[in-house]
There are 4 protein chains.
Amino acid sequence: MNNETINTEKREAIVQAMLELITERGFHATPMSMVAEKAGVAAGTIYHHFKSKEEIINEIYARLKANMGEALVREDASEEDYKKRFYRFWLNLYYHFIDHPKEFLFLEQYANSPFITKVTKEENQRYYQPVIDFLAEGVWSGILRNMDVELLVAMVYGSVATCVKLHLSKELDMNQNRVQQGVQASWDSVKMD
Amino acid sequence: MNNETINTEKREAIVQAMLELITERGFHATPMSMVAEKAGVAAGTIYHHFKSKEEIINEIYARLKANMGEALVREDASEEDYKKRFYRFWLNLYYHFIDHPKEFLFLEQYANSPFITKVTKEENQRYYQPVIDFLAEGVWSGILRNMDVELLVAMVYGSVATCVKLHLSKELDMNQNRVQQGVQASWDSVKMD
Amino acid sequence: MNNETINTEKREAIVQAMLELITERGFHATPMSMVAEKAGVAAGTIYHHFKSKEEIINEIYARLKANMGEALVREDASEEDYKKRFYRFWLNLYYHFIDHPKEFLFLEQYANSPFITKVTKEENQRYYQPVIDFLAEGVWSGILRNMDVELLVAMVYGSVATCVKLHLSKELDMNQNRVQQGVQASWDSVKMD
Amino acid sequence: MNNETINTEKREAIVQAMLELITERGFHATPMSMVAEKAGVAAGTIYHHFKSKEEIINEIYARLKANMGEALVREDASEEDYKKRFYRFWLNLYYHFIDHPKEFLFLEQYANSPFITKVTKEENQRYYQPVIDFLAEGVWSGILRNMDVELLVAMVYGSVATCVKLHLSKELDMNQNRVQQGVQASWDSVKMD
DNA sequence: CATGAATGAGAATTCATTCAT
DNA sequence: TATGAATGAATTCTCATTCAT
């Protein structure tokens, strides 16, 4: 085990501990001492790896956005029919969040928080650029309704998020049938009549 | 001005101060001393009206849900055509939040927070019961797609929230045309083909 | 006992505790918890009366400068002979510091420290203005050697401080004879030949 | 370059870094990590050369006292007239501190601090013993007033320090004329009438 | 009910020192 | 010797809540 591995291990442990605690308890309700304990490091150690509590949040945000971006385009094949690709993206995102609920909850809570710096946000937009392009292309080619792409992106992301929340809150058991209703509703909301 | 009016006034001032501060700064970044100052009362006075900081949150939640419920059904006329009524509900909600952005932000932040007790939540469901019934009736009568009503409610509410967020974040100027696109997309996502 | 007396009492206790601890141990070696304990108040109480640790230092500085200014001109009689008045001022200052060694040590340590704000310093110059005027007058009337008044003030203050330090450090027992040597040397250093 | 030279170099770098930082920022406001960085060594390396932070202070103190002792007697010629030698010593010390302001500030701050051990102090008295003897001889031979030599030493050192402080604080521009006033005042304060 | 000084537990962060490499 | 990551005790300051007036 070389030095870098050791460093990475502690850093990893801190990030993971923070992610878990923060989604369960919230930023202000998660003292650093608790993060340290859960990560199995001394309190001071955290400050060798991060300048402040907020910096950890920013690192988590960046990682989760990258994860999300990767999941989104998984198994995409550009020769497929547009609607199929839309469904795949939608479901990729949905199941990514279902599989990583803490990541979803974190992004919901902190995506619009002042803790995430503008720089961090901008640096991480690139991850979902391919899908933004995909939607823009849908509009341009007349497959999707003529909407502003920002509105389009927001509506589609919103529909995924709504379904994920329903599942996670256990308000509704999101079986395959209901997921199908969700993606179909989302598609119908944006496709050209 | 009788005693009760005076009491009500202080209570009001506290609630309003807390609502404003909490939406701007967040729960943990809003000390009670700041609430007291903004409300123009002594710190101790707050504790004559509320048992704790969390209790104020619950009262705010209840009020905002009531406001929202009232706004939702405004100018509804049950003899109107179903789609028109859907549009009216959707736009009622949308403009209510546009007119009361702090109320929207508060509900987004705290609707799923542990501060809001189960009791508070349940007590306040009644406010939008009429609209839930309206959507259930749409499904039953074949106007809306055959979806679970919880999913339906969530999707529609989600689409309103998405548009409000776009407006408030100033990501997109939500002019009348874009609002129209929003409500139309929402309708298309749930109406029977 | 009215409210003001109570407030004054706690505030006083804090200032006195801080003065004693800080002269014995130094600023950074004096934790606020120790000040609180010595003052017989809770740690948080200190922050009702002072914004920060540094603010207390500034208040102490201001008080001690005022004390010093008062002591300096005690029993001065302007009709007296110039040399007698010089001796009186010198000895007033000397015995004031001998009687209040902590005040002396505090001023030695913090008079030139960055903790004391410019504002605090300027506000407190007025206390020894009368003596500055007295020395300037001495130069002007030909009783004192023709030196810049700043140099004059510094040399005289320095000679007092030197004698006080010798006494406090117990390097030398400053009996009346030695004090007399001190003031005489100081006078000889500035008087016109 | 042999090993010893390397070691000496690091040790030197540490001492110099600490001296500079400590006079600018103070003992407690100077973290060892900062010393390490400024010295261009690792934090741990410091502890191969010194047992503790305080030990460095003691080494610095010893060096500066030696420097001061050397400067003091520079160009002294015992056959010269007593007053001339006094002037020379006084000005040697004055210009030594003017040329090495950090050394002066360090000695002012730490000469009476608990960090400097008794042992360190005693070991370093020898450096200015020649001048103490010189002053004692002045008393004995009737050139100086009959004062205790400790008082004499303190008064003279005090007058040098006063002038140096005026210069360093920029309160007064200490041109040659004013320095002359300073040394003359000091001489007048101790010489037999 | 109203006040606001007082409380004290608990927060984020710092830093001298150690020790495995 | 040299390194620098790791330690964890200690620091200043905050803030929800209480309670005597």
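Convention: sequence-line order gives letters A, B, ...; per-chain numbering from 1.
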Grab the [atom1]-[atom2] distance between [X] and [N] for me, whole Å please.
{"X": "D:Leu21", "N": "E:dA16", "atom1": "CG", "atom2": "P", "result": "12 Å"}
{"X": "B:Glu55", "N": "F:dT17", "atom1": "CD", "atom2": "P", "result": "10 Å"}
{"X": "B:Arg11", "N": "E:dA2", "atom1": "CZ", "atom2": "P", "result": "11 Å"}
{"X": "D:Phe50", "N": "E:dA16", "atom1": "CZ", "atom2": "P", "result": "15 Å"}
{"X": "D:Lys53", "N": "E:dT17", "atom1": "NZ", "atom2": "P", "result": "8 Å"}
{"X": "D:Ile57", "N": "E:dA16", "atom1": "CD1", "atom2": "P", "result": "11 Å"}

Does any N or O in the side chain of [X] come within less than 3.5 Å of the main-chain N or O of [Y], such that one atom is a donor and the other an acceptor?
{"X": "B:Lys38", "Y": "B:Glu20", "answer": "no"}
{"X": "B:Thr120", "Y": "B:Ile116", "answer": "no"}
{"X": "D:Glu108", "Y": "D:Phe104", "answer": "no"}

Position toward the 5' end of DNA chain E (nearest nucleotide), C:Ala43 or B:Ile46: B:Ile46

Of C:Val41 and B:Val41, the one whose closest DNA chain E nucleotide lies more 5': B:Val41

Side chain of D:Ala42 (C-beta onward), nearest among F:dG4, F:dT7, F:dA2: F:dG4

Nearest listed nucleotide, side chain of C:Ser52, among F:dC13, F:dT3, F:dT17: F:dC13

Nearest-nucleotide 5' precedence on DNA chain F, D:Thr45 against B:Glu54: D:Thr45

Which residue lies more 5' along DNA chain F, comparing D:Gly44 with C:Tyr47 via nearest heavy atoms: D:Gly44

C:His48 vs F:dT14: side-chain N/O to OP1/OP2 distance below 4.0 Å: no

F:dT7 OP1/OP2 closer than 4.0 Å to side-chain N/O of A:Lys10: yes

C:Arg63 NZ/CZ over C:Phe106 ring centroid, <6.0 Å and within 45° of normal: no

Ring-ring centroid check D:Phe27 D:Phe115, cutoff 6.0 Å: yes

Could you pull out the closest heavy-atom pair between [X] and [Y], with the gap in Å?
{"X": "B:Tyr127", "Y": "B:Ala66", "result": "CZ-CB, 3.5 Å"}
{"X": "C:Ala111", "Y": "C:Lys121", "result": "O-CE, 2.9 Å"}
{"X": "C:Ile14", "Y": "C:Val41", "result": "CG1-CG2, 4.2 Å"}
{"X": "B:Gln109", "Y": "B:Ser113", "result": "O-CB, 4.1 Å"}
{"X": "D:Ala42", "Y": "D:Ala36", "result": "C-CB, 4.0 Å"}

Strand contacts (DNA chain E) in residues 13-20 of chain B, 4.0 angstrom heavy-atom criterion: none

DNA chain E contacts made by residues 26-39 of chain A, counting heavy atoms under 4.0 Å: A:Thr30, A:Pro31, A:Met32

Option among B:Leu105, B:Val35, B:Ile60 that satisfies the side-chain contact (heavy atoms from CB on, under 4.5 Å) test with B:Leu19: B:Ile60

Watson-Crick and G-U pairing of DNA chain F written in dot-bracket, each distance under 3.5 angstrom, with | for inter-strand partners: .||||||||||||||||||||

D:Glu24 atom CD, over 12 foreign heavy atoms within 6.0 Å: yes

P gap between E:dC1 and F:dT21, integer Å: 22 Å

